[in-house]
Amino acid sequence: MSTRYLTTAQIETSVPTPDSLRPWLTELTATPVQHDLTQPFAHPPATSTTVVLRTESSGRTAAFVIGAQTKAAYSHGAEPGGCVRLRLAAGATRQLLGVTAAELTDRVVPLDDLPGPLSIAAPALTRLPADEAIIYLEDALPQQVSESATQRAHRLVLRAAISALTADSAQAVPELAARLAVSERQLRSLFLAGTGLSPKHFARIDRVLRVLAYAGNTPWSNLAAEVGFYDQSHLTADFRTLMGVPPAAYLRGKLPAPTPCQMPR
């Protein structure tokens, strides 16, 4: 039996992020408390680390971190609640959370278990609505976040590499490393530390996310070429590996049974 699954993108609202926070955050979104959601959620793989500030209808709050996710998950809510999500920029995880992105991959960790400045800000952030959280972070982060010249250089190389890997005509990793004047090993280390993923896995997830964005409106063979797959069979194989079902089954809503979604204790 097919079931209509939601994604968080369908119910969250993006909050404008000021330029002063762009080195650290790519997006801040807010989701109001949802009391009447009966549909389960589909959570596609993710290439970013996200800080989630959740308030349940009971008033209980929690702040936790979701690392890069290498495969999709399917869940239903345990209790109605709303969220503010801070999606961290590539290469900013160590400065904000005190650990590398690789230490958080496929994990959900309470924010106050981590040693970075965002952990210090967690009590204040959980009490503030999204627009006030932005103002708070504008004041707090510049005073609490430090970055060496080497760290900044690594962050800029990583973001240049991501831009190249996610372009319509993406370069292969060896050519990309040569273009950026780093070794393949160095590039892989930058990706693992800054995103929690290898360059190849990052690119695979990005392609599948683009498939999800356009699926249903473009023939599969055309879509495969447009997002960088060698052919339709490669698209289907990667989609099945990362999403757990073939593309056609996903569009029909024939998805794995959802599991309870719970906040970390």
Side-chain angles (χ1 to χ4, degrees), residues 5 7-10 14 22 26-27 42-50 66-74 87-93 101-102 105-106 154-252 254-256:
Y5 277 62
T7 65
T8 54
Q10 292 173 283
S14 183
R22 286 292 175 185
T26 58
E27 187 179 32
H43 306 277
T47 59
S48 61
T49 299
T50 302
I66 303 175
Q69 300 295 296
T70 57
K71 292 186 178 181
Y74 302 91
R87 292 184 174 89
L88 305 192
T93 305
T105 302
D106 287 326
H154 287 172
R155 179 166 58 83
L156 294 177
V157 170
L158 173 62
R159 294 184 190 180
I162 288 173
S163 294
L165 275 183
T166 56
D168 291 337
S169 54
Q171 288 181 295
V173 171
E175 287 74 20
L176 177 58
R179 171 185 155 192
L180 296 172
V182 296
S183 68
E184 289 184 57
R185 182 175 179 180
Q186 287 173 313
L187 187 61
R188 177 181 172 83
S189 295
L190 288 176
F191 263 86
L192 287 174
T195 72
L197 303 164
S198 70
K200 290 182 178 179
H201 204 145
F202 186 102
R204 288 179 73 199
I205 292 175
D206 178 74
R207 287 195 296 267
V208 167
L209 293 178
R210 285 192 280 167
V211 168
L212 289 172
Y214 297 109
N217 301 315
T218 306
W220 292 117
S221 57
N222 293 353
L223 188 54
E226 288 176 10
V227 304
F229 285 101
Y230 181 74
D231 56 25
Q232 185 177 336
S233 65
H234 284 80
L235 181 158
T236 300
D238 270 10
F239 193 101
R240 184 196 294 268
T241 297
L242 296 181
M243 297 300 297
V245 292
Y250 183 89
L251 289 183
R252 291 196 302 268
K254 293 186 175 181
L255 303 176

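FYI, the numbering just counts along the sequence from 1. As the structure is a prediction and not an experimental result, all values here were calculated from the model.
Of all heavy-atom pairs between Leu235 and Leu223, the closest is CD1-C, 4.3 Å. A pairwise comparison of heavy atoms in Arg204 and Leu242 identifies O-CD1, 3.8 Å as the closest pair. Closest non-hydrogen pair, Val245 versus Phe239, comes out as O-CD2, 3.2 Å. Shortest non-hydrogen contact noted between Leu176 and Ala161 is CD2-O, 3.8 Å. Across Thr49 and Ala68, no two heavy atoms sit closer than the pair OG1-N, 4.3 Å. Taking each heavy atom of Pro45 and Ala72 in turn, the nearest pair found is CG-N, 3.8 Å.
Every residue two or more places apart in sequence or in another chain was checked for a side chain to side chain donor-acceptor pair (under 3.5 Å) with His154, and none qualifies. Among residues two or more places apart in sequence or in another chain, the side chain to side chain donor-acceptor pair (under 3.5 Å) test is passed with Glu226 by none. For Ser48, there are no side chain to side chain donor-acceptor pair (under 3.5 Å) partners at least two apart in sequence or on another chain. Residues that satisfy the side chain to side chain donor-acceptor pair (under 3.5 Å) test with Arg240, not counting sequence neighbours, are absent from this structure. For the side chain to side chain contact (heavy atoms under 4.5 Å, CB included) test, no residue two or more places apart in sequence or in another chain qualifies with Ala213. By the side chain to side chain contact (heavy atoms under 4.5 Å, CB included) test, Thr236 pairs with Gln232, Pro247, sequence neighbours left out. Residues passing the salt bridge (charged side-chain N to carboxylate O under 4.0 Å, His left out) test with Glu27, sequence neighbours excluded: Arg87. Legend: residues meeting side chain to side chain contact (heavy atoms under 4.5 Å, CB included) with Ala73, ordered by chain and number and at least two apart, are His43.
Atoms NZ and CG, on Lys71 and Asp106 in that order, are 9.0 Å from each other to the nearest 0.5 Å. With rounding to the nearest 0.5 Å, the separation of CG in Asp238 from CD1 in Ile205 is 10.0 Å. We find the CD1-CG distance between Ile66 and Leu88 to be 11.0 Å, quoted to the nearest 0.5 Å. Here the CG atom belonging to Leu209 is positioned 11.0 Å from the OG1 atom belonging to Thr166, to the nearest 0.5 angstrom. In this structure, Leu180 CG and Leu158 CG are separated by 10.0 Å, a value rounded to the nearest 0.5 Å.
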Side chain to side chain contact (heavy atoms under 4.5 Å, CB included) between His201 and Thr70, worked out: CA-CA 8 Å; His201 204 145; Thr70 57; 3.7 Å; yes

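Residue pairs meeting the ring pair (Phe, Tyr, Trp, His ring centres under 6.0 Å) criterion with at least one member in residues 162-198, sequence neighbours excluded, are Phe191-Phe202. Among residues at least two apart or in separate chains, side-chain hydrogen bond (donor to acceptor under 3.5 Å, both in side chains) pairs with a member in residues 183-198 are Ser183-Gln186. For residues 209-223, every residue pair satisfying the salt bridge (Lys or Arg N to Asp or Glu O under 4.0 Å) rule, not counting sequence neighbours, is listed here: Asp168-Arg210, Asp206-Arg210. Pairs passing the ring pair (Phe, Tyr, Trp, His ring centres under 6.0 Å) check and including a residue from residues 207-229, sequence neighbours excluded, do not occur.
A distance-only check finds a donor-acceptor pair linking the side chain of Arg159 to the backbone of Ala90 [under 3.5 Å]. Checked by atom type and distance alone, the side chain of Thr105 pairs as donor or acceptor with a backbone atom of Gly196 at under 3.5 Å.
In this structure, the side chains of Pro199 and Leu165 come closer than 4.5 Å at one or more pairs of heavy atoms. For the pair Pro44/Gln69, no side-chain contact is recorded, criterion being any heavy-atom separation below 4.5 Å from C-beta on. Counting heavy atoms from C-beta outward, Val173 and Lys200 have side chains that approach closer than 4.5 Å.
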